[in-house]
Amino acid sequence: MSSAPLRTYGGVSGTDRQAERRAQLLEAGLDLLGSEEGPPHALTVRGVCRRAGLAARYFYENFADRDALAAAVYDHVVEGIAATTLEAVQEAPADAEAKVRAGLSRLVRTVAEDPRRGRLLFSPSMADAALAQRRAASTRMFVGLLGVQAREFYGVDGGTRLDILAEMLVGGLAQTLTSWLDGSLEATEDEVVDHGAELFLAVSAT
């Protein structure tokens, strides 16, 4: 990646222009990685640049190679989902059902309104080595977030039981969303949220 100084043109700083190009490349990468055709090997530097409408030199200004872009796209999507879901939970009333429903509703709506995100996170075709590592790390993060929320809300200490429950809930939700997004699970968005919240609450009450 280039380390040359970035000049200001037309009142826009070089740093801002580079950030805009990076955003374009991330969006193009998500288009390709999250497409219905979808395996990650379809992602190429040339294809991303064509989709973004940028020259290859701008790709290498931001990313070392296509694997670096794939990882950045995945991290960008996961961080966005984690932030908006956590925000919904924190803004909900101090009631277990309200918080569970708020978090699940925001998560399900986020992947439903942009299926590219859901396919990137949950599609089995994304068995690429770089993304597989990212998936494992993101699962650990969501398990950790769920554990923290449970400890803070219920005032309980961590332990093996809580760890196992968090693992099962996160893993089960991921599989549910995988089946829902690929059409093998026939359910409405409300049904996914309603039954998911019912299960989360039943587990938390035990």
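These numbers come from the heavy atoms of this one structure, side chains and all, not from hydrogens, waters or symmetry mates.
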Which atom of [X] lies closest to which atom of [Y], heavy atoms considered:
{"X": "V111", "Y": "L181", "answer": "O-CD2, 4.2 Å"}
{"X": "A92", "Y": "A102", "answer": "CB-CB, 3.8 Å"}
{"X": "S184", "Y": "D182", "answer": "OG-OD1, 2.7 Å"}
{"X": "I81", "Y": "T84", "answer": "O-OG1, 3.3 Å"}
{"X": "E87", "Y": "R106", "answer": "OE1-NH1, 3.7 Å"}
{"X": "R51", "Y": "A28", "answer": "CG-CB, 3.6 Å"}

Original post:
So, are R116 and E27 salt-bridged, with charged N and O less than 4.0 Å apart?
Top reply: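 Yes, R116 and E27 are salt-bridged.
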Original post:
Ion pair present between E198 and R101, side-chain N to carboxylate O less than 4.0 angstrom?
Top reply: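 So E198 does not pair with R101 through a salt bridge.
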Test your reading of the model: is there a side-chain donor-acceptor pair from [X] to the backbone of [Y], 3.5 Å cut-off?
{"X": "D114", "Y": "T110", "result": "no"}
{"X": "W180", "Y": "E186", "result": "no"}
{"X": "S138", "Y": "R135", "result": "yes"}
{"X": "E20", "Y": "R17", "result": "no"}

From [X] atom [atom1] to [Y] atom [atom2], the distance as rounded to the nearest 0.5 Å:
{"X": "D67", "Y": "Q133", "atom1": "CG", "atom2": "CD", "value": "10.0 Å"}
{"X": "Q24", "Y": "L54", "atom1": "CD", "atom2": "CG", "value": "4.5 Å"}
{"X": "Y74", "Y": "L33", "atom1": "OH", "atom2": "CG", "value": "11.5 Å"}
{"X": "D194", "Y": "L199", "atom1": "CG", "atom2": "CG", "value": "13.0 Å"}
{"X": "L162", "Y": "L146", "atom1": "CG", "atom2": "CG", "value": "7.5 Å"}
{"X": "L145", "Y": "T85", "atom1": "CG", "atom2": "OG1", "value": "9.0 Å"}

Original post:
Does L131 reach the side chain of L120, with side-chain heavy atoms less than 4.5 Å apart?
Top reply: yes
Original post:
Taking side chain as C-beta onward, heavy atoms only, is L201 less than 4.5 Å from E97?
Top reply: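 Side-chain contact under 4.5 Å: yes.
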Check residues 168-178 and write down every donor-acceptor pair under 3.5 Å in which the side-chain atom is one partner and the other belongs to a residue at least two apart or another chain.
residue, atom, partner, partner atom, Å
Q175, NE2, S179, OG, 3.1
T176, OG1, G172, O, 2.8
T178, OG1, F122, O, 3.4
T178, OG1, A174, O, 2.8

**OP:** Answer yes if V192 and V89 sit in the same cluster of Ile, Leu, Val, Met, Phe, Trp and Tyr residues linked by side chain heavy atoms under 4.5 Å apart, and no otherwise.
**Re:** no
Original post:
Is V100 reachable from V143 through a run of I, L, V, M, F, W or Y residues, each pair having side-chain heavy atoms under 4.5 Å apart?
Top reply: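 Yes: a chain of side-chain contacts under 4.5 Å links V143 to V100.
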**OP:** Give the intermediate values and the outcome of side chain to side chain donor-acceptor pair (under 3.5 Å) for residues T188 and D190.
**Re:** CA-CA 5 Å; T188 66; D190 286 343; 5.4 Å; no
Original post:
Could you go step by step and tell me if V48 and R66 meet the side chain to side chain contact (heavy atoms under 4.5 Å, CB included) rule?
Top reply: CA-CA 9 Å; V48 169; R66 55 85 65 195; over 6 Å; no
**OP:** Applying side chain to side chain contact (heavy atoms under 4.5 Å, CB included), run through L26 and F63 and close with a yes or a no.
**Re:** CA-CA 10 Å; L26 288 173; F63 305 103; 4.1 Å; yes
Subject >> Chi angles and distances behind the side chain to side chain contact (heavy atoms under 4.5 Å, CB included) call for L30, V77 >> reply: CA-CA 9 Å; L30 180 56; V77 170; 4.1 Å; yes
**OP:** Could you please spell out the steps behind the salt bridge (Lys or Arg N to Asp or Glu O under 4.0 Å) verdict for R22 and E61?
**Re:** CA-CA 9 Å; R22 179 181 173 85; E61 172 186 69; over 6 Å; no
